[in-house]
Amino acid sequence: MNRRHFVTAGAAALSGVVVGCDRIAGTSGGGKGLHAAEWVTYRAQRILLGADKLAPEFSESDIAPHFRSNGTGDPPDKSYKLLARDHFQNWRLRIDGLVERPLDLSLSDLRSLPARTQITRHDCVEGWSCIGKWTGTPLSEILTRAGAKTQARFAVFHCADTMEGDDDSGDQAASSEGLADAKAKTAAQTLDNRVVRYYESIDLIDALHPQTILAYEMNGQPLSIPYGAPLRLRVERQLGYKMAKYVMHIELADSFATIGEGRGGYWEDRGYEWYAGI
Ligand SMILES: Nc1nc2c(c(=O)[nH]1)N[C@H]1C(S)=C(S)[C@@H](COP(=O)(O)O)O[C@H]1N2
Ligand SMILES: [Mo]
């Protein structure tokens with residue numbers, strides 16, 4: 001079989017299993033969805049990798065002495081700073097959308113669930129790599145508890161860090177103003193459509209993959225702010241920009257066409273590929 005036949009035959013075989021590609025491509029949601037060429041990459045990678053193939057794992061001696069931080073290293077948002085000031089005791093992870101049981105989980109709730117530790121290599125699209133050790137809750141554990149509905153096809157990660165527009169770091173959110181006020185302000189800004197926060201999405205195959213974890217520890221220590229405290233995604237078979245830091249909210253959806261600019265992530269909306277397989 002030549003390569004094209006291989007890809008075509010495989011894609012046909014997978015089309016009933018993986019995803020209703022036409023729906024994800026945005027035809028039902030009225031959004032932009034993926035380019036045709038991206039679907040070829042996605043399908044080919046799925047065939048070649050298999051749904052459960054593990055990313056390589058390394059040993060303690062391979063851990064980078066200094067792990068690079070990239071993108072947001074300290075979210076400017078007041079609502080985030082208030083959570084950080086209290087060591088994330090008031091932080092909650094919201095899981096909703098196409099689930100039977102929406103969840104609000106504290107860090108100690110997450111720590112009481114089964115955990116996985118993995119030493120993996122992080123590859124940034126900018127051309128650098130670092131090996132680090134991550135401990136966290138497999139996303140599958142959370143999705144099992146929330147009960148993903150059958151229509152759910154994607155997990156969308158909403159983050160705390162403002163990338164564009166007015167964040168809520170202004171002086172008016174002074175110490176007398178509590179978290180609730182900062183949250184209200186955040187909601188108002190979102191309605192005004194002035195704030196763009198980092199977001200990402202993965203399909204349910206990657207969401208349920210054994211190495212897809214919500215990490216709260218890095219190299220045996222609680223995750224620090226430059227690396228996405230208190231919780232960041234690790235999705236080890238894709239590039240760094242998929243690994244959302246400062247995760248606040250996970251939404252299960254049947255399409256990402258109506259989220260952000262409709263291409264499935266902050267960087268995807270600016271031209272990066274949605275499926276960033278390595
Ligand atoms: N919320 C959020 N997540 C993010 C980013 C970001 O700017 N904000 N940058 C991404 C990019 S491009 C990379 S390479 C990794 C960097 O993770 P690190 O800081 O732990 O190296 O985070 C990704 N996740
Ligand atoms: Mo990156």
Side-chain angles (χ1 to χ4, degrees), residues 55 58 62-81 83-84 88 91-94 117-136 139 154-169 186 189-190 195-202 206-207 211-251 256 259-261 263-278:
F58 299 82
D62 297 317
I63 294 173
H66 177 72
F67 199 96
R68 203 165 148 171
S69 169
N70 202 40
T72 304
D74 189 9
D77 305 70
K78 185 76 181 177
S79 46
Y80 177 85
K81 288 184 186 299
L83 292 168
F88 301 106
W91 175 92
R92 294 289 181 280
L93 175 68
R94 174 83 182 158
T117 295
Q118 58 204 31
I119 302 174
T120 53
R121 196 188 63 213
H122 179 108
D123 296 314
C124 175
V125 71
E126 293 168 4
W128 55 270
S129 300
C130 280
I131 292 175
K133 179 163 87 170
W134 306 96
T135 300
L139 183 55
F154 301 101
V156 182
F157 303 84
H158 299 277
C159 306
D161 53 323
T162 293
M163 304 297 286
E164 286 166 29
D166 292 340
D167 58 60
D168 58 5
S169 63
T186 301
Q189 286 171 332
T190 307
V195 169
V196 179
R197 289 197 161 83
Y198 203 90
Y199 80 101
E200 255 304 338
S201 61
I202 58 176
D206 268 329
Q211 288 169 317
T212 299
I213 66 172
L214 292 167
Y216 45 71
E217 274 179 23
M218 178 194 189
N219 298 340
Q221 300 294 323
L223 194 62
S224 61
I225 289 176
Y227 306 103
L231 196 75
R232 68 98 51 86
L233 176 67
R234 298 296 311 170
V235 49
E236 304 292 357
R237 302 185 303 176
Q238 297 204 50
L239 290 171
Y241 64 87
K242 299 300 291 186
M243 313 221 200
K245 306 196 283 190
Y246 319 109
V247 175
M248 301 295 292
H249 171 197
I250 301 172
E251 179 187 358
F256 46 70
I259 301 171
E261 302 289 320
R263 294 203 182 276
Y266 176 79
W267 284 114
E268 288 85 335
D269 284 339
R270 285 147 190 85
Y272 285 20
E273 295 207 337
W274 175 77
Y275 189 72
I278 45 176

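Basis for what follows: all heavy atoms, side chains included, without hydrogens, waters or symmetry-related copies. Whatever order the structure lists ligands and atoms in, that order sets their numbers, starting from 1. Just so we're clear, the structure is a prediction, and the values are computed from it rather than from any experiment.
Proximity of a side-chain donor or acceptor of Y199 to a complementary backbone N or O of F157 within less than 3.5 Å is not detected. Between the side chain of Q238 and the main chain of A276, a donor-acceptor pair closer than 3.5 Å is present. Remark: side-chain polar atoms of Q211 are not paired, donor with acceptor, to backbone N or O of Q118 under 3.5 angstrom. Panel note: side chain T162, backbone V195; no donor-acceptor pair is recorded below 3.5 Å. For D123 (side chain) and S129 (main-chain N/O), no donor-acceptor pair under 3.5 Å exists by modelled atom type. Of the possible polar contacts, none joining the D161 side chain to the T72 backbone as a donor-acceptor pair under 3.5 Å is found.
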Between side-chain atoms of residues 219-232 and protein atoms elsewhere (two or more places apart, or another chain), which donor-acceptor pairs fall under 3.5 Å?
residue : atom : partner : partner atom : Å
N219    : OD1  : K133    : N            : 2.8
Y227    : OH   : F67     : O            : 2.7
R232    : NH1  : Y227    : O            : 3.1
R232    : NH2  : M243    : O            : 3.4

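Ligand 1 has at least one atom lying under 4.0 Å from a heavy atom of F67. Within the 4.0 Å heavy-atom cutoff, W128 counts among the residues contacting ligand 1.
Counting heavy atoms only, R232 comes closest to atom 20 (O) of ligand 1 of the residues E126, H122, R232, M243.
Atom 3 (N) of ligand 1 has K245 N, 2.9 Å as its closest protein atom, hydrogens excluded (heavy atom only). The protein atom (non-hydrogen) at minimum distance from atom 7 (O) of ligand 1 is T72 N, 2.8 Å. For atom 23 (C) of ligand 1, the nearest non-hydrogen atom of the protein is G240 O, 3.3 Å. From the protein, the heavy atom lying nearest to atom 21 (O) of ligand 1 is R68 O, 2.6 Å.
Proximity to Y241 (heavy-atom distance under 4.0 Å) selects the following atoms of ligand 1: 10 (C), 11 (C), 12 (S). With ligand atoms numbered from 1 in the order given, ligand 1 contributes 1 (N) to contacts under 4.0 Å with heavy atoms of Y246. Counting the atoms of ligand 1 from 1 in the order shown, those under 4.0 Å from a heavy atom of C124 are 14 (S). For ligand 1, the atoms closer than 4.0 angstrom to any heavy atom of P226 are 19 (O).
Contacts between Y198 and ligand 1 below 4.0 angstrom, taking non-hydrogen atoms only, involve the side chain exclusively. Residue contacts with ligand 1 for C159 involve side-chain atoms from C-beta outward but no N, CA, C or O (heavy atoms, distance under 4.0 Å).
For Y80 and Y246, the ring centers are positioned less than 6.0 Å apart.
Of the N or O atoms in D161, one or more lie within a sub-3.5 Å distance of an N or O in ligand 1.
With sequence neighbours excluded, the residues satisfying salt bridge (Lys or Arg N to Asp or Glu O under 4.0 Å) with R94 are D96, D104.
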